[in-house]
Peer 1: 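Below: one structure in structure tokens.
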Amino acid sequence: MYNLHLSAEQLEIRDTVRDFVTREIKPVALKAERLDVCDRRLPMQLLDQASQMGLRTLALSEDRGGAGSDHLTCCIVTEELAAGDADIAATLMTTSWLGHLLFDRAMTDAQRERFLPKFAADDRFHLAFAGHEVETDTRLGVNYHRPVTTEAVVKTTAVKAANGEWVINGVKDYVVNAPIAALFAVLVKVPGQSSVKVLLVPADAPGLSVSAHEKPWQHGSSGDVTFKDCRVPAGNLLGDEAAELLAGVDAPGEGVPLFQALALGVGRAAYDAAVDYAHLRVQGGRPLIEHQAIGTKLAEVAIKLEVARATIWQAAWASDHPAAVADRSLPDLPLQMIAQIFTSEMMAKATKDAAEIFGAMGVMRDMPLQKYIHDARVCQHSGNGNSDAKLRLAEVIAGYRRPTNEAMAIAGE
Amino acid sequence: MYNLHLSAEQLEIRDTVRDFVTREIKPVALKAERLDVCDRRLPMQLLDQASQMGLRTLALSEDRGGAGSDHLTCCIVTEELAAGDADIAATLMTTSWLGHLLFDRAMTDAQRERFLPKFAADDRFHLAFAGHEVETDTRLGVNYHRPVTTEAVVKTTAVKAANGEWVINGVKDYVVNAPIAALFAVLVKVPGQSSVKVLLVPADAPGLSVSAHEKPWQHGSSGDVTFKDCRVPAGNLLGDEAAELLAGVDAPGEGVPLFQALALGVGRAAYDAAVDYAHLRVQGGRPLIEHQAIGTKLAEVAIKLEVARATIWQAAWASDHPAAVADRSLPDLPLQMIAQIFTSEMMAKATKDAAEIFGAMGVMRDMPLQKYIHDARVCQHSGNGNSDAKLRLAEVIAGYRRPTNEAMAIAGE
Amino acid sequence: MDFSLSNEQRSWQMLARKFADEEIRPISLACDAIPTARETFDWEIIKKGSKLGLRTMAVPKKYGGLETDFVSQALVMTELAKADSAISKAFSQNWKWSHLISAACTEEQKERFLKPFVADDTFVLGKGITEPGAGSDNRLPPDDDSKPGLKLKAERHGDEWILNGEKAFIANAPIGKLFFIDARTDPTVPLKQGITMFLVPSDTPGFRIGKVFNKSGWRFYQNGEMIFENARVPHANIVGGVNGAVSKTGGEGGDTTGGDLFGDLELCANALGICDDGCQSALRYAKTAQQGGQALFAQQHVQLKLNRMFMMTEALRSFVMRVAWEHDQKIHSYNAGLAMNYSTDVVQDVTELYMDIRGAEGRYMDHHTDKLVRDSFIWSHLAGDSVSRMKVTRRIN
Amino acid sequence: MDFSLSNEQRSWQMLARKFADEEIRPISLACDAIPTARETFDWEIIKKGSKLGLRTMAVPKKYGGLETDFVSQALVMTELAKADSAISKAFSQNWKWSHLISAACTEEQKERFLKPFVADDTFVLGKGITEPGAGSDNRLPPDDDSKPGLKLKAERHGDEWILNGEKAFIANAPIGKLFFIDARTDPTVPLKQGITMFLVPSDTPGFRIGKVFNKSGWRFYQNGEMIFENARVPHANIVGGVNGAVSKTGGEGGDTTGGDLFGDLELCANALGICDDGCQSALRYAKTAQQGGQALFAQQHVQLKLNRMFMMTEALRSFVMRVAWEHDQKIHSYNAGLAMNYSTDVVQDVTELYMDIRGAEGRYMDHHTDKLVRDSFIWSHLAGDSVSRMKVTRRIN
């Protein structure tokens with residue numbers, strides 16, 4: 001039955017994280033040097049604290065030492081963290097989500113035995129998924145409603161050596177968490193095999209090197225990862241379904257709207273700041289908030305936030321409950337993609353509107369509002385962008401089904 | 001626990017109503033003469049059929065012969081009906097909702113005994129709430145964030161005659177369902193008493209006359225109701241809490257977002273028509289939907305619909321479950337008002353975008369798209385409008401509490 | 001740089017303003033309210049305007065016209081539209097096609113058609129391109145496919161051409177005396193190379209008018225169906241040669257001041273008139289209507305809406321006047337198209353903001369406000385749809 | 001109606017374009033990237049531009065300036081902004097205040113200040129109004145309350161005035177040699193009647209510059225704090241009389257061509273330059289960047305974005321040129337204000353669409369694209385916030 005009550009656990013973790021953000025994250029995040037987008041190093045100590053609170057292992061099942069949070073809870077926590085600092089949110093949600101995918105769903109017992117103890121024990125044990133490659137064009141674009149497939153190409157190879165080890169060669173880019181990850185899940189092509197595979201590669205594997213990005217147009221830290229005759233044991237290969245499981249981490253669609261919750265958190269931070277300022281700042285003898293123009297603007301921002309949250313929560317819950325689409329409680333549409341387009345467009349506008357209320361203070365690089373605007377823009381323009389997402393949504397609406405590669409090959413024969 | 005599954009009953013009634021709309025309503029609604037906004041008479045026969053299906057008594061409790069549907073179900077049904085015909089939806093939801101308020105919540109047993117049998121038995125027994133009066137300015141406007149109260153003024157009087165009857169004098173306007181109502185709930189002032197009262201007035205009471213509106217900027221039928229020494233029995237007075245209960249029918253806020261569901265239904269009708277047309281119509285050798293420009297536009301409309309629905313459902317459920325605000329699962333904001341502003345703005349845009357896809361056919365008065373645009377505009381501009389709603393929302397955001405009339409009077413002494 | 005008007009331009013503007021105030025505005029809402037599409041037209045206003053030169057102002061002096069410049073034409077369209085957009089269009093539609101006659105017809109054709117046009121106050125022109133199955137395909141035909149686009153067929157039989165087919169949504173069809181008709185004369189080649197333009201008088205045998213379309217806005221302005229059943233048109237009525245229609249109507253690379261491209265200026269100048277009406281009506285309303293004991297104008301949200309209305313309107317005026325001047329200078333540019341696209345956004349935004357400021361008054365929406373919003377929607381289809389916009393973008397290079 | 005440029009206007013445009021291409025664009029991104037706000041400025045570019053007249057082009061000839069018209073000034077601002085909006089503003093800021101000197105200063109003051117200004121390539125002007133607690137209150141002060149607005153106090157002591165207080169966000173503060181400073185000289189009356197304007201050289205005793213603000217956009221252009229601690233200014237440096245500041249700076253009803261109202265033209269002409277840069281960069285990118293084996297330009301959604309960019313830019317250009325012409329004609333109107341408000345919407349829309357078309361390329365956003373978007377946001381605060389818009393609306397009547 002339709003029910004919007006959050007569970008006691010959800011309410012509690014939201015309060016806990018909100019409190020952590022207020023007490024610990026905000027004082028660091030609001031320092032001028034951190035607000036300046038030109039030099040934003042990850043606050044490792046806060047990440048350690050968050051890890052001790054269980055936020056690094058939020059989605060990991062309880063059996064394995066995590067909090068076992070469901071998709072909705074992960075989105076609630078992400079919003080709260082991002083209202084404090086988008087980079088902290090991105091870092092934690094990436095590790096937490098990959099932790100769940102890898103340890104709960106992709107690894108064999110033997111693999112878990114090797115990696116889980118370290119992951120559970122070390123607050124700095126972060127995870128990264130190295131999927132994307134240089135010069136891969138994944139945009140739908142000209143292939144909209146055309147039978148040509150637009151799929152990521154994997155050129156990084158893994159070859160089995162005589163001693164059974166895998167030897168990896170290739171370069172991955174856009175890798176979130178790359179500079180801090182202790183373990184990478186790497187998408188590879190094994191010559192002679194049609195489907196792509198995933199290998200577990202510890203950061204200290206010989207032949208692996210990371211080049212961190214400066215000021216990337218992404219949240220958290222990121223970098224390129226180069227594999228040069230990088231060797232890992234034979235046992236590091238994940239099962240065949242791992243590639244598909246992990247691919248959703250990058251592409252919006254029917255996945256978990258974690259990055260949309262991040263964008264919402266950024267918008268809320270801007271809104272909260274603007275409401276506070278509008279109470280304090282006096283213009284024409286009255287606080288700003290008592291002016292129609294400012295009140296109206298704040299109302300418009302509030303509407304954007306509430307509507308986006310309803311949309312994100314719906315997508316989050318749906319990604320955990322495919323049965324609700326099957327029984328037609330929810331539409332058979334890519335709800336995460338809808339949340340992505342809507343939220344990112346709305347938060348870009350919301351942060352700008354909030355900043356306008358601050359007057360000259362709203363244009364300063366070392367003040368919060370410009371940081372929020374920048375963070376919202378990153379959410380809007382990373383990846384393939386909203387124009388491409390709309391084309392993908394349009395194909396779903398049209399009921400267009402692109403022939404698979406195999407079908408194309410058969411047709412071509 | 002958060003759960004977006006609809007109940008089996010909700011899914012079933014949605015299907016039933018959707019089927020009724022397709023088979024019965026659409027063929028009538030799509031006739032050129034009904035599409036032309038200049039002459040839109042209520043299709044009484046369809047209303048009778050709907051009544052036989054239980055839609056006139058949808059919200060009335062099961063004990064009393066209704067379907068006992070909750071707020072969410074009422075919104076779901078309203079959307080479906082409005083996707084067929086906005087006037088039918090407005091008529092039925094008004095009677096259904098007033099039926100619930102009057103028979104389930106406001107009447108005494110004695111009153112129920114007198115009126116319920118007729119209401120239950122007669123498919124043409126519709127209800128109307130006569131609250132608003134001529135020249136009452138209920139806009140917040142200049143009183144935004146000022147201690148001046150902006151409240152409806154009731155000038156219609158009810159005076160107790162020697163024989164115990166109430167004698168009513170005054171004029172009510174904006175009364176939805178007035179031309180077809182068999183029973184009116186009338187807001188009156190009893191001289192010498194401070195709070196307003198509600199009287200039950202049958203349509204055939206002597207001294208009551210209705211002047212129906214032509215082409216009103218409202219959905220359903222509406223009219224002015226004049227009371228000239230109109231007499232009703234002493235027993236027709238409702239309890240003191242009835243006035244507050246019924247006031248929510250007119251003012252958006254924390255009530256049931258029925259009219260927002262209506263707007264959504266209108267938007268969906270436009271969207272469905274546009275998707276169908278985009279599949280059929282060929283341009284440049286390909287169906288319209290295969291063009292990026294059209295696909296993108298349809299995706300944008302689809303997003304507006306899905307996001308609006310999530311927002312409306314949330315508000316509908318919240319209006320039935322105040323505990324979810326109390327336990328902080330939902331924000332303490334007027335969710336219906338948020339749904340009102342958002343939905344009406346989005347559907348105005350959605351219907352225009354859908355119409356653009358139809359080219360010249362989209363501007364014709366006897367074709368569906370112009371009707372949808374008109375219907376959406378009515379949702380956007382009836383009542384006090386969105387600018388005023390935003391000011392009310394801003395007061396909530398600011399935490400502004402207007403002093404009550406009594407407090408003002410005391411302060412003035 | 002000079003934004004001032006010449007004495008002649010100014011006097012055209014004044015003449016149009018007076019005519020609009022005294023003759024058009026008084027009948028505007030009544031015409032709009034007529035329920036039957038076929039009955040909204042009023043010949044009296046056309047005759048009165050015609051006597052002032054408002055029907056023939058684009059015809060060269062040597063053919064008895066007034067040969068005004070484009071700036072004057074833009075000013076007049078705006079002034080007339082300020083009182084009624086559809087009536088303004090009913091006049092300017094004649095200029096559009098008299099531009100085409102001047103630019104594309106032979107002397108013999110001008111003699112045969114322009115002279116009677118000038119002489120008769122009820123002689124109205126039109127052009128038939130759109131067909132039930134071909135609207136945007138005519139405007140933006142694919143280069144690689146000959147099938148899309150208009151289908152009306154013309155076949156030569158001696159000195160005559162036999163036309164068969166239908167046109168739809170044709171402006172002035174129900175009332176016009178002479179039409180330019182685009183017909184397929186070579187169905188084997190892409191549209192641009194296979195159509196011929198014919199001059200078709202309304203009394204051509206085999207040619208008749210079908211239904212009159214029941215538009216939501218622009219009620220006064222008549223759009224109708226045209227039906228050709230073995231309609232016979234003399235070879236002498238071909239404009240610009242067989243298969244030569246596009247090069248003469250101002251399509252890509254053609255003459256940019258007559259024909260179709262005048263249509264861009266026409267739509268944006270007309271929209272400007274609606275915007276002026278909307279702005280002035282809104283300002284008047286905001287200054288007079290009261291709320292809480294004060295004029296609406298005292299409220300910030302009303303000021304912000306008025307700001308946006310005037311801001312967009314003045315931007316549009318600047319753009320329209322520039323485009324009119326460019327036309328007079330025979331400057332080829334994509335500006336006319338951009339201004340037309342732009343006018344769609346502006347006219348709808350401005351009129352909808354006006355509706356916002358007014359809101360429903362009691363149970364009704366003010367008729368004039370509602371009319372402005374309905375009239376503005378016409379632009380979505382004529383000037384602001386994605387085909388119109390992409391077509392203009394492709395001129396930018 | 002004439003949109004053409006005179007030879008002189010055209011040659012200023014060409015000079016500016018050449019300077020922008022050859023000198024400004026090559027240093028633009030490097031200046032933007034300098035992390036420390038105090039170090040982004042480059043005297044070399046100012047000196048080079050000054051030698052071409054770009055610092056003094058608004059000064060009357062009799063004082064050694066170039067006395068250009070407003071149309072030329074608008075053209076030059078646009079051309080310079082096409083290469084770097086902040087550097088363009090660094091030049092035009094001097095014209096703004098040289099307009100004020102011409103309009104409001106006595107001959108003696110002109111002699112003392114305009115001459116050295118003209119003679120020295122590094123002589124830069126500024127004006128201090130905003131204070132930490134008073135920004136929009138200065139622009140739109142309430143009529144019925146004397147408290148809101150600037151607080152910097154000036155008290156007369158014989159032939160000198162003693163200034164105490166602070167200014168914030170003052171353009172050119174860190175580098176200027178001469179400033180106009182508004183100070184309260186009568187705190188008992190509403191703002192408009194109680195402030196006096198002083199000419200304050202940078203070496204005035206008791207006057208110093210505080211921090212330099214670290215803006216997100218317009219990095220090159222310096223805004224700083226001004227601190228007055230018993231700063232002593234001679235009575236002879238008062239502009240326009242005691243308590244007479246507002247009537248001289250072009251506030252409501254004042255001189256509409258110098259001072260503040262030039263600022264409206266300045267902002268919209270500058271925005272136009274950013275838009276031109278955005279449009280041309282986007283078109284170039286769309287024509288060259290490939291996706292799926294075709295230029296991006298082949299895609300409809302890219303065409304629609306380009307359409308909007310060019311459409312809004314050309315509407316803005318039309319509006320800007322009209323406003324510049326109105327300034328030259330000394331026409332009083334609300335158009336300059338509307339154009340300024342409008343430029344906010346346009347410059348942000350255009351640059352954000354450009355960012356949309358580009359998207360993040362791999363892991364980074366193109367620096368130039370990002371800079372255009374950041375620079376454009378400055379308008380939210382200077383030209384497009386609700387106070388700016390309501391202020392302009394109140395001029396409409």
Side-chain angles (χ1 to χ4, degrees), chain C residues 1-6 9 69-72 74-75 279 283 286-287 297 300-326 328-329 331 333-335 337-343 345-346 386 388-394 396-397, chain D residues 1-6 9 69-72 74-75 279 283 286-287 297 300-326 328-329 331 333-335 337-343 345-346 386 388-394 396-397:
Chain C
M1 194 60 49
D2 184 357
F3 245 85
S4 61
L5 302 179
S6 70
Q9 289 161 347
D69 61 2
F70 287 98
V71 168
S72 300
L75 293 167
C279 284
L283 185 63
K287 293 270 184 182
F297 190 87
Q300 295 187 335
H301 75 87
V302 176
Q303 290 172 17
L304 290 170
K305 290 190 185 100
L306 286 169
N307 178 272
R308 187 162 173 81
M309 293 175 72
F310 277 87
M311 176 185 95
M312 297 197 75
T313 298
E314 293 308 323
L316 177 60
R317 188 186 324 284
S318 312
F319 206 175
V320 168
M321 296 319 293
R322 175 180 174 204
V323 165
W325 173 81
E326 286 188 356
D328 280 325
Q329 304 306 305
I331 293 172
S333 89
Y334 43 78
N335 280 328
L338 290 177
M340 174 187 71
N341 299 154
Y342 182 64
S343 70
D345 302 338
V346 174
S386 46
S388 300
R389 293 179 200 259
M390 292 187 294
K391 182 173 172 178
V392 174
T393 308
R394 292 177 197 182
I396 301 171
N397 235 310
Chain D
M1 194 59 49
D2 184 356
F3 244 85
S4 62
L5 302 179
S6 70
Q9 289 161 347
D69 61 2
F70 286 99
V71 168
S72 300
L75 292 167
C279 283
L283 185 63
K287 293 269 185 184
F297 190 86
Q300 295 188 335
H301 75 88
V302 176
Q303 290 173 15
L304 290 170
K305 290 190 185 101
L306 286 169
N307 177 272
R308 186 162 174 82
M309 294 175 73
F310 277 87
M311 177 185 92
M312 297 197 75
T313 299
E314 293 309 322
L316 178 60
R317 187 185 326 281
S318 312
F319 207 175
V320 167
M321 296 319 294
R322 174 181 173 202
V323 165
W325 172 81
E326 286 189 354
D328 280 326
Q329 304 306 307
I331 293 172
S333 89
Y334 44 77
N335 281 327
L338 290 177
M340 173 188 73
N341 298 156
Y342 183 63
S343 70
D345 301 338
V346 173
S386 46
S388 300
R389 292 180 200 258
M390 293 188 293
K391 183 174 172 177
V392 174
T393 308
R394 294 178 196 180
I396 302 172
N397 234 310

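Order of the sequence lines fixes the chain letters, A, B, ..., with proteins taken first and strands second; residue numbering starts at 1 for each chain.
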Peer 1: Using 30° and 60° as the class limits, which term best fits the ring planes of C:Phe3 and D:Trp325: parallel, tilted or perpendicular?
Peer 2: tilted
Peer 1: Can a donor-acceptor pair be found between the side chains of C:Gln303 and D:Arg394 at a distance below 3.5 Å?
Peer 2: yes
Peer 1: What part of D:Asp69 gets closer than 4.5 Å to chain C, counting heavy atoms only: side chain, backbone, both or neither?
Peer 2: neither
Peer 1: Can you tell me how far apart CZ (C:Arg322) and CZ (D:Phe319) are? Round to the nearest 0.5 Å.
Peer 2: 13.5 Å
Peer 1: Which atoms of C:Ala339 come close to chain D, meaning under 4.5 Å heavy atom to heavy atom: side chain ones, backbone ones, both, or neither?
Peer 2: neither
Peer 1: Quick check for you: to the nearest 0.5 Å, what is the distance between C:Leu316 atom CG and D:Tyr342 atom OH?
Peer 2: 9.0 Å
Peer 1: With only heavy atoms counted, which part of C:Asn341 is less than 4.5 Å from chain D, the side chain, the backbone, both or neither?
Peer 2: both
Peer 1: C:Leu306, C:Asp345, C:Leu304: which one forms the most heavy-atom pairs within less than 4.5 Å of chain D?
Peer 2: C:Leu304
Peer 1: Using a 4.5 angstrom heavy-atom cutoff, name the option from C:Met321, C:Gln9, C:Gln300, C:Arg308 with the most pairs to chain D.
Peer 2: C:Gln300
Peer 1: Could you grab the distance from atom OG of D:Ser318 to atom CZ of C:Arg317, nearest 0.5 Å is fine?
Peer 2: 13.0 Å
Peer 1: As an exercise: rank C:Asn335, C:Thr393, C:Leu283 by heavy-atom pairs under 4.5 Å with chain D and give me the winner.
Peer 2: C:Thr393
Peer 1: Can you tell me how far apart NE2 (C:His301) and OG (D:Ser386) are? Round to the nearest 0.5 Å.
Peer 2: 13.5 Å
Peer 1: For the atom pair CE (C:Met311) and CD1 (D:Ile396), what is the distance rounded to the nearest 0.5 Å?
Peer 2: 10.5 Å
